[in-house]
S.K.: 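Have a look at this one.
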Number of protein chains: 2
Amino acid sequence: MQSAILNHISKDIHLTKEEQEEFLSILSEKKLGKKELLIKPGDSVTSEYYVVSGCLKAYYLDENGHKHIIQFAVEDWWISDFEAFFNNAPAQLYLETIEESVLLEIQKDALEVLYQRIPKFERFFRLKITGAFVSLRSRILSSLQMNSKQRYLEFCNSYPNIEKRVPNYHIANYLGIQPESLSRIRKEL
Amino acid sequence: MQSAILNHISKDIHLTKEEQEEFLSILSEKKLGKKELLIKPGDSVTSEYYVVSGCLKAYYLDENGHKHIIQFAVEDWWISDFEAFFNNAPAQLYLETIEESVLLEIQKDALEVLYQRIPKFERFFRLKITGAFVSLRSRILSSLQMNSKQRYLEFCNSYPNIEKRVPNYHIANYLGIQPESLSRIRKEL
DNA sequence: AGCCTTCCCTAACATACATCAAGCAGAATA
DNA sequence: TATTCTGCTTGATGTATGTTAGGGAAGGCT
């Protein structure tokens, strides 16, 4: 389990044994069952989470009671309400498991200390943010230039490990279409 | 002109006089006329730009020849093809002025040196990235939960300094709707 | 095993927006 | 000043998707 996150990190930065130990010392494990809430609106968001195993969704509930999934997360991914995390603001999103999940939690305070002690982690987490930025930009560009069918196919190609594990109506929701529309699209394939 | 960017930065980090001088020394000024290209696809993106005055758009040209504006930038904002900039990749976007503009250019190499010499700038540019991430996330959430009229109103409220300076068909394009639809929306207001 | 819940599909009809076409007004240019 | 260009609006028609309603299959629970 700890080897998962060390492998993940070693793709971007090289750590000494001591640095690894120090990093691991600030992680705490969290086991969640299916459909369990990790964060809800109004919560103080003091952590971000690395997914060791399982699958989660981050969604927003609008004033009409409609859910809008804005992010999935599976193994090797990070999840939080990042806006709240970055800005020391209360959460706006629900974070909920789709499957039983095991997460590693990093507290923001501990992270700031880590940055001081091992500056390489500035780089690592900056790469995570820029990667997230790139992903969101790509998503916006896709929605500007593609129809729903093309976007569904792109989703399946880009995220097969999500597509096979989450219900289709979740995917429809993430794409901003109704499940009925997704059924029609899939019928044409 | 240099006071503009120093004011901009002083909102987030405090610099000594020496630090200010060092920062200013890595900036170079760029003056562009209306409809001038700053970056085009395939270009090597080695810089990001601070807008001192003027207004720009970043757009993608799809394989059918359709333009999709993904970002505007006005005074006090930053612009680049950030994906290319972050990833040392060739540009995918066109960056083009909408008005005559004055920019301050920062080369990526100089920025990396700056990070070493004045680590505060790590924090400053991390705040810029996280701010950009938050803005993109907000945009996706809006497009998931609002209709085009609501999104147009939100755009006008959030970015009045863009709305009054760019043609309506640009705004329509940015919102992912046709100019005719925007005309109809505006008629209802 | 029976029942309930969850997920998916289908059809009919309604709605939002795209597409095509044209006209007008104001600004820019020769 | 006359012409051209740019930006915007309008109407008719078409298309993609939303909404409503219902049914069926698979999995989970008692």
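Note: hydrogens, waters and symmetry copies are ignored here, and every other heavy atom, side chains too, is used. Everything numeric in this text was worked out from a predicted model, so none of it was measured.
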S.K.: In this structure, how many angstroms lie between the P atom of dT17(D) and the CG atom of Asn147(A), rounded?
M.R.: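 Spelled out: CG on Asn147(A) to P on dT17(D) is 6 Å.
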
S.K.: Between Arg126(B) and Asp12(B), does at least one N-O distance fall below 4.0 Å, as a salt bridge requires?
M.R.: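 The answer is no: the pair does not qualify as a salt bridge.
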
S.K.: Rounding to a whole Å, what distance do you find between Gln150(A):CD and dT17(D):P?
M.R.: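 Nearest whole value for this atom pair: 10 Å.
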
S.K.: Return whichever of Pro167(B) or Leu182(A) has its heavy-atom-nearest nucleotide of DNA chain D closer to the 5' end.
M.R.: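 Closest to the 5' end, via its nearest nucleotide, is Pro167(B).
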
S.K.: Give a yes/no answer on whether the side chain of Ser148(B) brings an N or O atom under 4.0 Å of OP1 or OP2 in dA16(C).
M.R.: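 False: Ser148(B) side-chain N/O out of range (4.0 Å or more) of dA16(C) OP1/OP2.
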
S.K.: Using a cut-off of less than 4.0 Å, is there contact between a side-chain N or O of Arg186(A) and OP1 or OP2 of dC8(C)?
M.R.: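 No.
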
S.K.: Please report the distance, rounded to the nearest Å, between CG in Leu175(B) and P in dC17(C).
M.R.: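 Those two atoms, CG and P, are 11 Å apart.
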
S.K.: With salt bridge (Lys or Arg N to Asp or Glu O under 4.0 Å) as the test, pick out the partner of Arg117(B) among Glu22(B), Glu21(B), Glu19(B), Glu18(B).
M.R.: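 Considering Glu22(B), Glu21(B), Glu19(B), Glu18(B), a salt bridge (Lys or Arg N to Asp or Glu O under 4.0 Å) with Arg117(B) is found only for Glu22(B).
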
S.K.: Pick one: which of Trp77(B), Tyr152(B), Tyr174(B) meets ring pair (Phe, Tyr, Trp, His ring centres under 6.0 Å) with Tyr159(B)?
M.R.: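 So the option named by the test is Trp77(B).
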
S.K.: For Tyr169(A) and dG18(D), what is the distance between atoms OH and P respectively, to the nearest whole Å?
M.R.: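 Checked: the OH to P distance equals 17 Å.
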
S.K.: Given side chains that start at C-beta, do those of Lys17(B) and Gln20(B) come closer than 4.5 Å, heavy atoms only?
M.R.: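 Answer yes - side chains close enough.
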
S.K.: Along nucleotides 19-29 of chain C, 5' to 3', which nucleotides get a B, which get an S, and which get a -, given that the test is a protein heavy-atom distance under 4.0 Å?
M.R.: BBB--------

S.K.: Go through dT6(C), dC8(C), dT10(D) for me and flag the one nearest to the Ser183(B) side chain.
M.R.: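 Of all the options, the side chain of Ser183(B) is nearest to dT10(D).
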
S.K.: Whole Å only: how far is the CD atom of Glu99(A) from the P atom of dT6(C)?
M.R.: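 Going from CD in Glu99(A) over to P in dT6(C) covers 17 Å.
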
S.K.: Just the rounded figure in Å: distance from C1' of dC8(C) to CD of Glu188(A).
M.R.: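 Atom-to-atom, Glu188(A) to dC8(C), this comes out as 16 Å.
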
S.K.: Just checking Ile177(A): base, sugar-phosphate only, or nothing, at a heavy-atom cut-off of under 4.0 Å?
M.R.: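 Sugar-phosphate only.
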
S.K.: In this structure, are over 12 heavy atoms from other groups packed under 6.0 Å from Lys128(B) atom NZ?
M.R.: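 More than 12 within 6.0 Å, yes.
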
S.K.: Which heavy atom of Leu103(B) sits nearest a heavy atom of Leu38(B), and at what distance?
M.R.: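 So the minimum-distance heavy-atom pair works out to CD1-CD2, 3.4 Å.
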
S.K.: Roughly, in whole Å, what's the span from CG in Asn168(B) to C1' in dG7(D)?
M.R.: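 Taking CG of Asn168(B) and C1' of dG7(D), I get 8 Å after rounding.
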
S.K.: In this structure, which one of Lys57(A), Lys164(A), Arg165(A), Lys34(A) forms a salt bridge (Lys or Arg N to Asp or Glu O under 4.0 Å) with Glu99(A)?
M.R.: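 Result for salt bridge (Lys or Arg N to Asp or Glu O under 4.0 Å) with Glu99(A): Arg165(A).
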
S.K.: What is the distance from CG of Asn64(A) to P of dT19(D), rounded to the nearest Å?
M.R.: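 Atom CG in Asn64(A) sits about 11 Å away from atom P in dT19(D).
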
